[in-house]
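What follows is a set of notes on a single structure, which appears directly below.
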Protein chains: 2
Amino acid sequence: MAQRRVLKYAILGLLSKQDMSGYDITSEFKKAIGQFWSAKHSQIYLELKKLLTEDSISQYIEISGVKLERKMYTLTSKGKEDLKSWLLAFEDHVQTEKDVFALRLYFLKDIPLEEIPSLFENQLRLRNEKLAFLNDQYAVYFGEENNPIDLNKEELGHFLVLTKAIAREENYIDWLTTSLEIVKQNGRK
Amino acid sequence: MAQRRVLKYAILGLLSKQDMSGYDITSEFKKAIGQFWSAKHSQIYLELKKLLTEDSISQYIEISGVKLERKMYTLTSKGKEDLKSWLLAFEDHVQTEKDVFALRLYFLKDIPLEEIPSLFENQLRLRNEKLAFLNDQYAVYFGEENNPIDLNKEELGHFLVLTKAIAREENYIDWLTTSLEIVKQNGRK
DNA sequence: AAGCACATGTAACAGGTTACATGATTTC
DNA sequence: GAAATCATGTAACCTGTTACATGTGCTT
């Protein structure tokens, strides 16, 4: 069974930290958590509407400035229950982590040899940019703090996710570097 | 821009190795390439129909046994062109690699401390099972061959994708192991 | 003859992206 | 006053999953 309604639980999880508007939720998906899940504002507003009718969240209005309305959302007790049971569920299998670059490399034989290095170099550039961004984030939030044992539970979730993202990118870059060498040597043979 | 019609190109790529039926394509997604892209048979048959009307592939019938029809598909010259230009395209950004376990960990503060180790252990079990499967595959295809420089171009694609999948799982397992220790120590403080 | 793998298809629904549409507030 | 950001929403379309539906061929 595929994992269903992940966006629902991502939103409930964000709201369990603090009340937010649809716009705030959209912004969160551009930060740390966006490394592992994201959605566009159009989808988020629809999901919020659905969560309201399901009584998992409730809404109130805040005014910014003179008349700009921010629709703020809060978890209901049902929403808290929904979130908690989702967080405690055991996964029975890992889903395919889709990766278009790896897919393309599988079809390597149809790529002219001279085109391959620039494909790798482009990917390396993108991955290095992402890694630099993640390292910046790490420095901002955990720069001085070199012992995660001192973090509170909320910070710890952020820490684990950031270190996961960093490890993932470093591992990707290592594989790209090694593979590029192999392909170059293979081509010279 | 999100990457569009990836399934189309995955199918064209598979057909560039040899003619296949919809069933064969479905089977391929259960092997190495399924680590990076997959689809259900229902979606594959629809996509094949679409590719036929677009003249990217053509169809012929093979009979197995007495009357079981296998609809075989071949790349047309248009299909080969489509595939080639997709393989040479530069990606302008890396997409979010969705990962539900990491998402759940971000919401760690809402998980009771005593439940956390079993969540990690479940994930470790799943990841270790996957790694064992991948290592088996590696042994089957590249067991004796310890020098990828001797591989031909078709085998090289397979090699790179398999080593990528193995590296990904090893990296995941390392992070899980380290993180579980951190969470345990953090909880004792 | 039972069970499993081979083989193809459709329908309903769920999830996600792009484009369209509008207006307020802040910053320079 | 222009531009960027804040803020919310809908419509059309594309992608992907689950369930339904049917039949053949091989192995034991």
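Numbers restart at 1 for each chain; the letters A, B, ... are given by sequence-line order, proteins then strands.
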Requested in this report: Would you indicate what A/Ser27 reaches in the nucleic acid, counting non-hydrogen atoms under 4.0 angstrom: base, sugar-phosphate, or nothing?
Outcome: nothing
Query raised in the report: Base, sugar-phosphate, or nothing for B/Lys98, non-hydrogen atoms under 4.0 angstrom?
Result: sugar-phosphate
**Report entry** Per-nucleotide protein contact string for nucleotides 21-28 of chain D (B base, S sugar-phosphate only, - none; heavy atom under 4.0 Å)
**Finding:** --BSS---
Query raised in the report: Looking at B/Glu155 and A/Lys109, does any basic side-chain N land under 4.0 Å from a carboxylate oxygen?
Result: no
Query raised in the report: Can a salt bridge be assigned to the pair A/Glu91 and B/Arg127 using a cut-off of 4.0 Å between side-chain N and carboxylate O?
Result: no
Contact under 4.0 Å: [X] side-chain N or O vs [N] OP1/OP2:
| X | N | result |
| --- | --- | --- |
| B/Lys49 | C/dT8 | no |
| B/Tyr45 | C/dT8 | yes |
| A/Ser42 | D/dT10 | no |
| B/Tyr23 | C/dC6 | yes |

Which whole-number value in Å describes the distance from [X] [atom1] to [N] [atom2]?
| X | N | atom1 | atom2 | result |
| --- | --- | --- | --- | --- |
| B/Arg70 | C/dT8 | CZ | P | 7 Å |
| B/Lys40 | C/dT8 | NZ | P | 18 Å |
| A/Lys50 | C/dC13 | NZ | C1' | 10 Å |
| A/Leu7 | D/dG16 | CG | P | 17 Å |
| B/Ile61 | C/dA7 | CD1 | C1' | 12 Å |
| B/Arg5 | C/dT17 | CZ | P | 18 Å |
| B/Leu48 | C/dT10 | CG | P | 12 Å |
| B/Gln43 | D/dT15 | CD | P | 9 Å |

Requested in this report: Let me know, please, whether A/Leu46 or B/Leu46 comes out on the 5' side of the other along DNA chain C by nearest nucleotide.
Outcome: B/Leu46
Query raised in the report: So which one's nearest nucleotide on DNA chain C is more toward 5', A/Ser38 or B/Met72?
Result: B/Met72
**Report entry** Cation-pi, B/Phe107 ring and A/Lys84 (6.0 angstrom, 45 degrees)
**Finding:** no
Report task. Consider only side-chain N and O atoms of A/Ser16 and B/Asp110, and report whether a donor and an acceptor are under 3.5 Å apart. Result -> yes
Query raised in the report: Looking just at side-chain N and O atoms, do A/Asn171 and B/Tyr172 make a donor-acceptor pair shorter than 3.5 Å?
Result: no
Query raised in the report: With a 4.5 Å heavy-atom cut-off, do B/Ile25 and B/Leu15 have their side chains touching?
Result: yes
Requested in this report: Using the salt bridge (Lys or Arg N to Asp or Glu O under 4.0 Å) rule, take B/Arg168 and A/Asp99 through it: C-alpha gap first, then chi angles, then the decisive distance, then the call.
Outcome: CA-CA 11 Å; B/Arg168 182 166 73 180; A/Asp99 179 337; 5.0 Å; no
